[in-house]
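Working notes for the structure below.
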Amino acid sequence: MNQTLFTQLSLTPEIQHALDEMGFETATEIQSSSIPVIQQGYDVIGRSQTGTGKTIAFGIPALESIDPSDRHVQVLILCPTRELAVQACDELKKLARFMPGIKAADIYGGAPMDRQISRLRTANVVVGTPGRVMDHMRRRTLKLHHLKMIVLDEADEMLSMGFREDIETILSETPEERQTVLFSATMPPEILALTQKYQRDPQLVEVNRKQVTVENIEQSYYNVPMGRKMDALNLLLKYYDPKRCMIFCNTKKMVDDITGYLCRHDIQAEGLHGDMKQSQRTKVMDSFKQGKTVVLVATDVAARGIDVSDIDYVINYDIPQNTEYYVHRIGRTGRAGRSGKAITLCSGYRQVEVLVRIGRLVKARIQEEMVPSISQIQEKQRERSIRQVEEAMKEVTELSYEPVVDQLVSRGYDAKMLAAVLMELHFGSQGCDVEEIKAPVRRNRDNKDQAGYRKISINVGRVQRVAPNHIVGAITERTHLSGKDIGKIEIYDNNTVVSIPEKGLDETLAQMKNLKICGNPTVTTLYRSSDGEWRRGSSRASRAGGSPKKKRHSEKSYARRKIYN
């Protein structure tokens with residue numbers, strides 16, 4: 001792809017000067033495509049992911065359209081979160097550094113209203129969240145009758161957060177001749193409805209989605225046992241030792257749980273989610289941006305607006321809720337030409353299949369990897385220690401502790417042991433505070449017995465609304481087996497096949513007699529390979545030689561069977 005220099009975009013000298021000071025020479029695809037169209041006064045629909053430089057894409061033409069002598073608000077930018085509003089406002093201030101008379105103000109919930117009112121008196125550019133913008137409009141502290149341009153940044157996220165009514169109210173109270181610019185990662189029907197109602201002949205600008213999602217990002221996943229995700233996370237962080245890492249969760253509670261777990265295991269981590277006070281969120285974000293916090297654990301919404309270019313690892317602790325969330329998450333790494341690694345933690349093959357499907361949709365190959373062993377982690381730690389010592393030895397000019405070492409040697413201490421003790425003091429112990437996670441046993445898909453396991457058959461299945469947890473609960477409650485001892489569970493229409501450790505087979509068969517599961521009396525027998533064909537069926541009629549129609553139904557039911565691991 002041919003790169004476009006900012007000097008080729010016919011920008012004002014003041015903007016060009018600011019870009020030079022910021023160190024920007026080459027425009028991103030969304031910037032080179034959007035800026036000329038917005039400069040010409042067209043309404044624009046920009047489709048691009050997070051991290052593609054949208055703020056500069058709409059910020060440059062927005063600032064160029066302002067009359068510095070006019071103190072009325074001429075540009076309004078709506079953002080879904082406080083963090084994104086603050087970031088966008090800061091970026092605009094940098095761009096307007098050499099443009100006297102242009103004043104930008106950010107307004108958002110959780111901040112003192114009086115300070116915002118004071119800034120709004122002189123602002124001709126306002127960046128804010130829809131709720132707080134509505135508050136100021138009701139108070140008459142924000143008037144939009146001189147507005148030239150309105151920008152909806154991350155429009156899809158604002159709609160998913162329930163801001164549609166606020167957005168429509170704001171749009172309806174702006175001048176009809178205004179220019180409307182909308183940026184969104186996706187184009188759901190709600191977005192299309194907004195564009196049809198509030199834009200005039202909008203021009204579509206769309207970047208290469210494949211390039212944005214996978215370039216420079218190595219993607220992998222780890223399939224770990226249920227209940228061991230946090231331990232796996234601990235081991236991976238010790239193995240990779242990231243300089244700056246983001247961990248994504250689907251819920252606020254999980255953010256708190258993981259942050260607490262990591263801190264208890266001496267991993268420097270901070271959490272970020274919507275229930276935190278603004279002062280707390282700002283403190284956490286500043287610490288992460290300045291490099292004081294190595295690991296940031298966040299929900300998808302809270303992470304909006306985080307613009308840190310040197311994040312080397314992104315970890316999906318929870319499977320993303322959809323493809324777009326996956327794209328947004330991994331897009332936090334591999335920015336500004338740097339390489340990055342995106343890791344997803346899965347538990348069981350059902351989650352793996354969901355992730356593989358996401359990979360197909362984004363046209364990316366997500367490689368499976370094994371959780372590193374304790375010995376592999378220790379070897380990595382040794383390599384890092386050796387590298388640090390070698391680098392220090394190259395740079396040191398004066399050994400102020402050499403007399404101390406001489407004195408210890410003169411007392412009879414071995415020099416090799418001395419060095420090892422001192423490295424222990426400096427680098428800490430290379431031990432690991434969690435148990436090793438063994439590679440999952442590969443389940444045979446051809447119904448052959450797993451080594452050391454035998455199969456039993458229980459005469460209840462999907463028709464009786466049986467789920468894996470019912471089977472596991474029934475077995476573990478009556479035997480000495482635990483949940484992790486139980487192997488593959490295959491639930492068919494009217495029977496369930498379970499892999500049991502051979503040593504627990506007799507006990508299981510004995511204890512499962514006269515047992516009810518989901519209110520249904522059950523019969524548990526040893527599974528015979530010769531029984532396999534009829535056990536795949538959905539009815540006794542098909543087993544006993546029922547009608548061809550029922551046999552076909554049985555075969556279809558088997559084709560739709562669920563396999564749980």
Side-chain angles (χ1 to χ4, degrees), residues 2-44 46 48 51-79 84-107 116 118-128 142-153 174-175 177-183 203 205 207 289 305 307 309 335-336:
N2 294 328
Q3 293 186 329
T4 303
L5 299 175
F6 280 111
T7 52
Q8 298 174 281
L9 295 177
S10 304
L11 308 180
T12 62
E14 294 81 5
I15 291 285
Q16 187 61 59
H17 188 184
L19 289 170
D20 293 339
E21 290 288 317
M22 296 164 71
F24 293 151
E25 296 181 0
T26 305
T28 65
E29 186 177 356
I30 192 66
Q31 292 165 356
S32 61
S33 302
S34 300
I35 290 173
V37 182
I38 300 175
Q39 284 176 328
Q40 294 172 35
Y42 287 104
D43 285 0
V44 170
S48 85
T52 54
K54 299 192 299 295
T55 305
I56 287 180
F58 62 71
I60 288 176
L63 293 174
E64 289 181 338
S65 70
I66 293 174
D67 177 3
S69 63
D70 187 349
R71 290 300 181 185
H72 293 98
V73 176
Q74 299 170 57
V75 172
L76 174 64
I77 299 165
L78 297 178
C79 303
L84 192 56
V86 171
Q87 176 200 315
C89 189
D90 288 344
E91 198 83 354
L92 292 175
K93 288 177 180 177
K94 293 175 185 176
L95 288 171
R97 179 179 175 185
F98 303 104
M99 303 175 74
I102 292 185
K103 302 289 183 182
D106 47 14
I107 56 175
Q116 294 181 357
S118 177
R119 290 200 300 268
L120 285 173
R121 290 193 182 104
T122 58
N124 40 29
V125 182
V126 173
V127 187
L142 175 61
K143 300 174 183 178
L144 303 177
H145 50 277
H146 285 81
L147 200 70
K148 295 180 178 179
M149 180 189 298
I150 185 168
V151 179
L152 277 62
D153 191 15
T174 57
E177 62 274 14
R178 68 169 191 279
Q179 186 178 4
T180 306
V181 177
L182 180 149
F183 279 91
Q203 305 297 302
V205 177
V207 302
K289 288 180 178 180
D307 188 16
S309 60
R335 291 188 176 189

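The figures here come from the full heavy-atom set of this structure, side chains too, leaving out hydrogens, waters and symmetry mates.
- Screening Val151, Leu152, Val126 for a side chain to side chain contact (heavy atoms under 4.5 Å, CB included) involving Leu76 leaves a single residue, Val126.
- Contact check for Lys103 versus Arg71: side-chain heavy atoms found under the 4.5 Å cut-off.
- One finds the CD1 atom of Ile15 at 4.5 Å from the CE atom of Met99 (value rounded to the nearest 0.5 Å).
- Using the six-membered ring where Trp is involved, Phe24 and Phe6 have ring planes that are tilted, between 30° and 60° apart.
- Considering every non-hydrogen atom in both Ala88 and Val127, the closest pair reads CB-CG1, 4.0 Å.
- Between His146 and His72, the ring planes are parallel. Angles under 30° get that label, and only those over 60° would be called perpendicular.
- Tested against Gln74 for a side chain to side chain contact (heavy atoms under 4.5 Å, CB included), the candidates Ile66, Ile102, Val125 yield a single pass: Ile66.
- Nearest heavy atoms, Ser33 versus Val205: CB-CG1, 3.4 Å.
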(message) Test side-chain contact (heavy atoms from CB on, under 4.5 Å) on Ile107 and Leu142; report intermediate values, then the result.
(response) CA-CA 10 Å; Ile107 56 175; Leu142 175 61; 4.2 Å; yes
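- Here the NZ-OG1 distance, from Lys148 to Thr174, works out to 15.0 Å after rounding to the nearest 0.5 Å.
- Contact of the Met22 side chain with the Glu91 side chain is registered, since non-hydrogen atoms from C-beta on lie closer than 4.5 Å.
- Counting only heavy atoms from C-beta outward, the side chains of Met149 and Ile38 approach each other to under 4.5 Å.
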